[in-house]
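Let me begin by presenting the structure, written as structure tokens, before commenting on it.
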Amino acid sequence: MATQITINQIADYDGQEVELRGWVYHRTGKGRLQFVQMRDGTGIVQCVAFKKEMTEDDFALVKSLTQESSVIITGSVRADERAPGIPGGYEVGIQNIELVQMAEEYPITPKEHGTEFLMDNRHLWVRSRRQWAILRIRATIISALRNWLDDNGYLLVDTPIITPAAGEETTTLFEIDYFGQPAFLAQTGQLYNEANIGSFGKVYCFGPTFRAEKSKTRRHLMEFWMLEPEMAFFSLEDLMDMEEQLISAVVARVLEKRKPELDILERDLSQLESITAPFYRITYDEAVERLQKLVAETDDPEQKELLNIEWGEDFGSPHETAIAAMFDKPVFVYHYPTAVKAFYMQPVDGRPEVCRSVDLLAPEGYGEITGGSERIYDKDLLEERVRTIGLPREAYAWYLDLRRFGSVPHAGFGIGIERTVAWICGLPHIRETIPYARMLNRMYP
RNA sequence: UCCAGCAUAGCUCAAUGGCAGAGCAAUCGGCUGUUAACCGAUGGGUUCCUGGUUCGAGUCCAGGUGCUGGAGCCA
């Protein structure tokens with residue numbers, strides 16, 4: 001009697017008869033010998049059919065199997081160095097095969113395809129090896145982030161998706177009709193996090209975030225997932241300490257749990273193995289000086305133009321890339337100009353033109369993956385900022401309330417899941433890091 | 001919103017202004033160790049759309065549409 005197993009367990013069943021349920025990933029043959037690579041979600045295994053070892057009908061069926069046909073195969077497991085797959089090294093000698101459905105002509109062939117075609121077929125593309133590997137790593141990154149927070153005294157407290165007003169006034173929001181009233185899809189849970197720390201001390205929220213910016217680059221999605229921790233009695237220095245502990249723990253977990261997937265992606269593991277705390281820390285001032293020095297020293301006029309910067313300007317992505325390229329590990333850039341950052345960020349004592357903000361830039365050109373700050377906790381100062389910026393006071397009344405009832409110094413940040421996945425996987429584009437990307441020109445499938 | 005590039009078979013791409021082509025996929029046949037197998041055969045086209053130049057346009061020109069990358073903005 002065959003035991004029903006999944007492919008990731010195959011090594012435990014050497015010499016035994018097993019039943020596998022899955023899909024034909026690839027088939028090739030040599031006459032009376034047929035090779036079927038089968039997937040079941042946990043891995044890929046080669047199944048081999050010899051004509052003389054099975055019924056005429058079953059062999060004819062194997063020979064006619066199309067890519068992605070669904071099948072139930074029973075056979076005996078044997079170790080064989082030649083057998084490809086994940087984990088590989090074992091193959092199944094087919095004794096019986098049951099067809100569940102013969103797949104129609106499958107659009108994604110083993111040859112190369114263009115991005116538009118693959119994105120149009122995203123519902124099928126997720127079955128491909130690379131996409132399978134990426135999305136499994138994504139799941140591990142998310143669980144590693146959450147596990148670390150859960151284990152270190154942070155409480156998951158969900159924040160609303162439908163919100164009455166902008167979190168930050170800067171970017172464009174998706175507006176929806178809330179029974180006749182305008183409402184917006186959340187672009188951050190931070191303000192609610194700030195309320196929640198009053199009850200729980202250290203919290204985080206995790207969920208989708210929406211930006212209606214017409215950005216069309218390899219780093220942008222209209223709908224992306226963000227994890228935002230927020231901590232009472234936390235300084236900017238505490239925040240950087242915590243971020244580097246969290247990020248390095250996540251990278252370590254991925255290296256531990258997802259080696260086969262990283263191999264599929266041909267990721268340079270040494271780059272990831274070097275991601276250990278502490279990370280580098282430089283001020284905005286120093287970053288600007290470094291950029292200006294770079295501009296002065298380069299002979300490339302295009303680079304000169306791209307990297308040109310005056311103190312007080314925010315970094316564009318070429319600046320971030322150039323700064324990150326100066327370091328072999330992630331680098332914190334802190335104390336940005338107050339004018340280019342959000343209204344709630346705490347000014348630096350004695351230097352109000354800069355604020356207690358910090359961005360974390362990932363190495364290898366991946367740019368900003370986290371952004372955070374110490375928040376203003378003084379009631380009068382926050383009132384003044386809301387007034388100067390011209391925010392509608394009524395909408396922020398509850399937020400201002402938080403500074404009236406036991407206000408404490410606090411800090412928090414947001415980490416973009418897709419950018420983190422792109423960096424850890426070494427991908428050139430963010431679109432493959434989320435199962436179904438929402439982009440400027442795409443919401444299908 | 002701005003800048004640049006691209007659009008030909010199901011897919012990836014060729015084709016000097018002069019017969020619309022290849023590889024893969026599909027279909028049929030062959031092959032007992034394939035790794036994107038190989039060998040032979042067959043079918044497969046609104047060359048993105050509209051208009052123009054020309055004896056003749058996939059190719060040149062104008063407009064449009066779609067897509068891709070980048071800038072700004074951001075995670």
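Within every chain, numbering begins at 1; the chains are lettered A, B, ... in the order of the sequence lines, protein sequences first and strands thereafter.
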We want to know whether [X] and [Y] form a side-chain donor-acceptor pair, criterion being a heavy-atom distance below 3.5 angstrom.
{"X": "A:Trp311", "Y": "A:Asp285", "value": "yes"}
{"X": "A:Gln34", "Y": "A:Arg27", "value": "yes"}
{"X": "A:Tyr204", "Y": "A:Asp150", "value": "yes"}
{"X": "A:Thr6", "Y": "A:Gln9", "value": "yes"}
{"X": "A:Arg375", "Y": "A:Ser373", "value": "yes"}
{"X": "A:His220", "Y": "A:Glu213", "value": "no"}

* Would you check if A:Ile417 and A:Phe224 make a side-chain contact, meaning some heavy-atom pair closer than 4.5 Å? => no
* Does any N or O in the side chain of A:Thr338 come within less than 3.5 Å of the main-chain N or O of A:Val354, such that one atom is a donor and the other an acceptor? -> yes
Between [M] and [N] - [atom1] atom distance, rounded Å:
{"N": "B:G23", "M": "B:G18", "atom1": "C1'", "value": "26 Å"}
{"N": "B:U46", "M": "B:G21", "atom1": "P", "value": "15 Å"}
{"N": "B:C13", "M": "B:C28", "atom1": "C1'", "value": "27 Å"}
{"N": "B:U42", "M": "B:A22", "atom1": "P", "value": "11 Å"}
{"N": "B:A9", "M": "B:G5", "atom1": "C1'", "value": "24 Å"}
{"N": "B:C55", "M": "B:A41", "atom1": "C1'", "value": "40 Å"}
{"N": "B:G33", "M": "B:G70", "atom1": "C1'", "value": "49 Å"}
{"N": "B:C6", "M": "B:G40", "atom1": "P", "value": "36 Å"}

* Asked: Can you list the stems that include RNA chain B, where a stem is three or more consecutive Watson-Crick or G-U pairs with distances under 3.5 Å?
  -> B:1-7 with B:65-71, B:10-13 with B:21-24, B:26-30 with B:38-42, B:48-52 with B:60-64
Polar atoms only, N or O, under 3.5 Å: list the protein pairs with nucleotides 12-14 of chain B and their distances.
unit_1	atom_1	unit_2	atom_2	d
B:U12	OP1	A:Gly114	N	2.9
B:U12	O4'	A:Glu112	O	3.2

To the nearest Å, how far apart are [X] [atom1] and [N] [atom2]?
{"X": "A:Trp225", "N": "B:A75", "atom1": "CH2", "atom2": "C1'", "value": "15 Å"}
{"X": "A:Arg138", "N": "B:A75", "atom1": "CZ", "atom2": "C1'", "value": "13 Å"}
{"X": "A:Ile415", "N": "B:A75", "atom1": "CD1", "atom2": "C1'", "value": "9 Å"}
{"X": "A:Asp314", "N": "B:A75", "atom1": "CG", "atom2": "P", "value": "10 Å"}
{"X": "A:Leu306", "N": "B:G72", "atom1": "CG", "atom2": "C1'", "value": "13 Å"}
{"X": "A:Leu118", "N": "B:G10", "atom1": "CG", "atom2": "C1'", "value": "13 Å"}
{"X": "A:Asp120", "N": "B:C67", "atom1": "CG", "atom2": "C1'", "value": "10 Å"}
{"X": "A:Glu223", "N": "B:C74", "atom1": "CD", "atom2": "C1'", "value": "16 Å"}

* Asked: So what does A:Thr370 hit on the nucleic acid, given a heavy-atom distance under 4.0 Å: a base, only sugar-phosphate, or nothing?
  -> sugar-phosphate
* Asked: For A:Ile108, which contact category applies under a 4.0 Å heavy-atom criterion: base, sugar-phosphate, or nothing?
  -> nothing
* Structure fact -> dist A:Glu418:CD -> A:Glu432:CD (nearest 0.5 Å) comes out at 13.0 Å
* **With sequence neighbours excluded, residues passing side chain to side chain contact (heavy atoms under 4.5 Å, CB included) with A:Ala324** => A:Leu361
* To do: Determine, for nucleotides 25-34 of chain B in 5'-to-3' order, which nucleotides have protein heavy atoms under 4.0 Å from the base (write B), from only the sugar-phosphate (write S), or from neither (write -).
  => BS----BBBB
Using distance only, find each side-chain donor-acceptor pair of residues 43-62 of chain A under 3.5 Å and give its atom names and separation, not counting sequence neighbours.
unit_1	atom_1	unit_2	atom_2	d
A:Gln46	NE2	A:Glu91	OE1	3.3
A:Thr55	OG1	A:Asp58	N	3.0

* Return no unless some side-chain N or O of A:Arg219 is found under 4.0 Å from OP1 or OP2 of B:G72. => no
* Hey, does the side chain of A:Ser317 come within less than 4.0 Å of B:A71's phosphate (OP1/OP2), counting only N and O? -> yes
Salt-bridge test for [X] and [Y]: reply yes if a basic N is under 4.0 Å from a carboxylate O, no otherwise.
{"X": "A:Arg442", "Y": "A:Asp120", "value": "yes"}
{"X": "A:Glu286", "Y": "A:Arg290", "value": "yes"}
{"X": "A:Arg82", "Y": "A:Asp80", "value": "yes"}

* Parallel, tilted or perpendicular: rings of A:Trp225 and A:Phe206 (30°, 60°) -> tilted
* Asked: What residues in residues 422-444 of chain A put a non-hydrogen atom under 4.0 Å from any atom of RNA chain B?
  -> A:His429, A:Ile430, A:Arg431, A:Asn441
* Asked: Hey, which of these two, A:Met119 or A:Glu418, hits RNA chain B nearer its 5' end, going by closest nucleotide?
  -> A:Met119
